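All values reported here derive from a predicted model rather than from experimental measurement. In what follows, residues are counted from 1 in the order of the sequence shown. Counting starts at 1 for both ligands and their atoms, in listed order.
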Amino acid sequence: MKLLHKIDYIPRKGEAMAVFLCEESAKNPLARELGWAEKIKETIDLKYFRGKSNETIFIPMTDGTCVLLCGLGSEKKITGETIRNASSGAVSIFREKGIKTAGIRILEAGDITQKDAALLAVEGLYLSNYVFDRYKAKLKEGNSMPLDRAVIISDSDLSDELNTISIISENTNLCRDIINETSDNCNSETMSALAKKISKTAGISCTIYGRKEIERMKMGLLLAVNRGSKRDPQLAVMKYSGNPGSGKSIAIIGKGITFDSGGMNLKPSGHIENMRSDMSGAAAVIYTLKSAAELKLKKNVYGIIPLTDNMISNDSYRPGDIFRSYSGKTVEIGNTDAEGRLILADALSFTEEKLKPDIMIDIATLTGACIIALGETVAGYLTGDEGLAGLLEAASAESGDRVWRLPIVDEYEENMKSDIADINNVSSEKNAGTIMGAIFLKNFVKSSRWAHIDIAGTSWYSKPRGYRPKNATGFGVRLLTAAIKNWNEKD
Ligand code: BES
Ligand code: MN
Ligand code: ZN
């Protein structure tokens, strides 16, 4: 989508103008300045349009142009998400009608300034204009046709901010692409190659460790999960040095299971179909590093991505097996479907020991229990570090990638005990699955500041919601980019 910024814009034939109005301005349009919408003032009776959120009225005019009225709800309740979602309502109507060029004008948005409102609307446009159609032989008219050109109307100069928004949104969409991509075409080797390729163009350094190096480093848990695979495991380590003068760095670690069959504890029908998305954490890490580099953030950022699928073969690892982790601790396999925590455990200890970052944040589609607890709209996060909790909460509020903190309950630690090894990879009790996953990981972090984000629910949508489409959502790119941007190296 090409984005233009203008102070004013008159749609031509076949083009449309979307006007976002809150309830208050819909009620009293004459008393409030309507700007361009002179046309609306003269020709449209607003009495049937209330300005409720999600309310839209599409009006084709006799001169071939169109007007779309989009409600924002009561001005007291307008948030960033209201405006991003109003944009997605507009985009879905434009797509349905086959409109390719549209202007966007926001009249009033409560406490949000005109400038911020315009930027939020643009973000919503980019993110809802997404389609994954590379496997469709023939593109359907209607829903799958994206908008070609958007004109954002605003008095203030937005060029720097628009550049920032387009970088982050485009990277979120690219992140969605690789998650939606088939497991056949997005496997450990293609993903590490992608990390390398992106690094090269974005000025990031990138080291790929293959089977030999992973064996030499004794990453016994990553190797265990990989045993059933036809392909080699990979570990990609990216480093963006945005502040070379500083010794401080933040590391983000993403679960890269390119397909999770469950292994010997095979997933049943109904649970296996979308497991190509089990690399969503890894995808978010790759595109967060790309965003940080393109935005030239003045921070040093590591991206660590352990990659393999979790498959079945004669060589697959089994329940009852014991493996020695990179850290030296031995792990009894209680369930081969709890594979994410295994590859992350090795990645976390490697990161702490070799890269010595000041902060580690891992992001993973780790537990079905997180979907039960928080649904698809909110990700769970766990940390013992109040500063990190604050960083994530603020990044969440800014980006719209919602998170909710769950406790790390020390008492539950004993449920992870093993009779024969140092720790079991699953809990002896069925409850609190998300917390148990975090407790397992905590055993592989010695003393670093660390947070774990469980995106099992938020990374993949069973239906579209606002500006997030069905299937891959790209959750995490905007959250982590905001967290890195806001991180103050001094605290
Ligand atoms: N990748 C799954 C978690 C998941 C489930 C992500 C549904 C997205 C949607 C993970 O590897 C897994 O299988 N977890 C198990 C853990 C259990 C064996 C302790 C689960 O949640 O059932
Ligand atoms: Mn699994
Ligand atoms: Zn998994």
Side-chain angles (χ1 to χ4, degrees), residues 179-180 183 186-188 191 221-222 224-229 233 253-284 305-312 316-321 331-347 362-380 406 412 415-416 418 423-441 452-463 470-473 475-476:
I179 298 169
N180 284 324
S183 180
C186 180
N187 54 58
S188 58
M191 267 193 88
L221 302 183
L222 176 56
V225 175
N226 179 253
R227 277 178 42 159
S229 179
I253 299 119
K255 170 176 171 181
I257 294 289
T258 57
F259 188 80
D260 182 9
S261 74
M264 289 295 180
N265 292 100
L266 184 64
K267 285 187 185 291
S269 294
H271 291 88
I272 200 168
E273 291 75 7
N274 299 323
M275 280 302 138
R276 67 178 188 282
S277 68
D278 214 17
M279 34 57 80
S280 296
I305 306 145
L307 291 157
T308 178
D309 45 8
N310 181 24
M311 299 298 280
I312 308 189
S316 292
Y317 76 139
R318 296 154 292 236
D321 282 346
V331 179
E332 177 187 356
I333 305 304
N335 191 319
T336 60
D337 199 9
E339 83 299 334
R341 61 195 72 183
L342 297 174
I343 69 166
L344 284 173
D346 275 353
D362 78 76
I363 181 161
T365 47
L366 209 70
T367 63
C370 193
I371 315 177
I372 311 246
L374 298 172
E376 292 183 343
T377 301
V378 184
L406 297 172
Y412 298 166
N415 298 351
M416 301 301 286
S418 160
I423 188 169
N424 199 301
N425 78 328
V426 289
S427 165
S428 55
E429 286 178 15
K430 68 176 191 328
N431 299 328
T434 305
I435 298 177
M436 298 321 295
I439 289 179
F440 180 86
L441 295 176
H452 161 63
I453 308 173
D454 194 329
I455 56 167
T458 53
S459 65
W460 187 270
Y461 272 10
S462 53
K463 60 170 195 200
K470 185 168 186 274
N471 299 346
T473 61
F475 186 100

Give the atoms of ligand 1, by number and element, whose distance to some non-hydrogen atom of [X] is under 4.0 Å.
X	answer
Glu339	11 (O)
Gly368	3 (C), 5 (C), 20 (C), 21 (O)
Thr365	1 (N), 2 (C), 3 (C), 6 (C)
Ala456	6 (C), 8 (C)

Angle at the Zn ion (ligand 3): provide the value between NZ of Lys255 and OD2 of Asp260, rounding to 10 degrees. 170°
What does the angle at the Zn ion (ligand 3) come to, between atom OE2 of Glu339 and atom OD2 of Asp278, rounded to 10°? 100°
Say whether Ile371 and ligand 1 are in contact under the criterion: heavy-atom distance to a ligand atom below 4.0 Å. yes
Side chain or backbone, does Asp337 bring an N or O within less than 3.5 Å of an N or O on ligand 1? yes
Would you tabulate the side-chain donor-acceptor contacts of residues 253-266 under 3.5 Å, counting partners in other chains and residues two or more places apart, or write 'none'?
residue: Lys255; atom: NZ; partner: Asp278; partner atom: OD1; Å: 3.2
residue: Lys255; atom: NZ; partner: Asp278; partner atom: OD2; Å: 3.2
residue: Lys255; atom: NZ; partner: Glu339; partner atom: OE2; Å: 3.0
residue: Lys255; atom: NZ; partner: Thr365; partner atom: O; Å: 2.9
residue: Asp260; atom: OD1; partner: Gly262; partner atom: N; Å: 2.9
residue: Asp260; atom: OD1; partner: Asn310; partner atom: ND2; Å: 2.9
residue: Ser261; atom: OG; partner: Gly263; partner atom: N; Å: 3.0
residue: Ser261; atom: OG; partner: Asn310; partner atom: O; Å: 2.7
residue: Asn265; atom: OD1; partner: Thr336; partner atom: N; Å: 2.7
residue: Asn265; atom: OD1; partner: Thr336; partner atom: OG1; Å: 3.1

Atom 11 (O) of ligand 1 touched by protein heavy atom at under 4.0 Å: yes
Using 2.8 Å as the cut-off, note every protein N, O or S atom close to the Mn ion (ligand 2). Asp260 OD2, Asp337 O, Asp337 OD1, Glu339 OE1
Looking only at atom types and distance, does a side-chain atom of Arg341 sit under 3.5 Å from a main-chain N or O of Ala438, one as donor and one as acceptor? no
Using a 4.0 Å heavy-atom threshold (strictly under), name the region of Leu366 that reaches ligand 1: side chain, backbone, both or neither. backbone
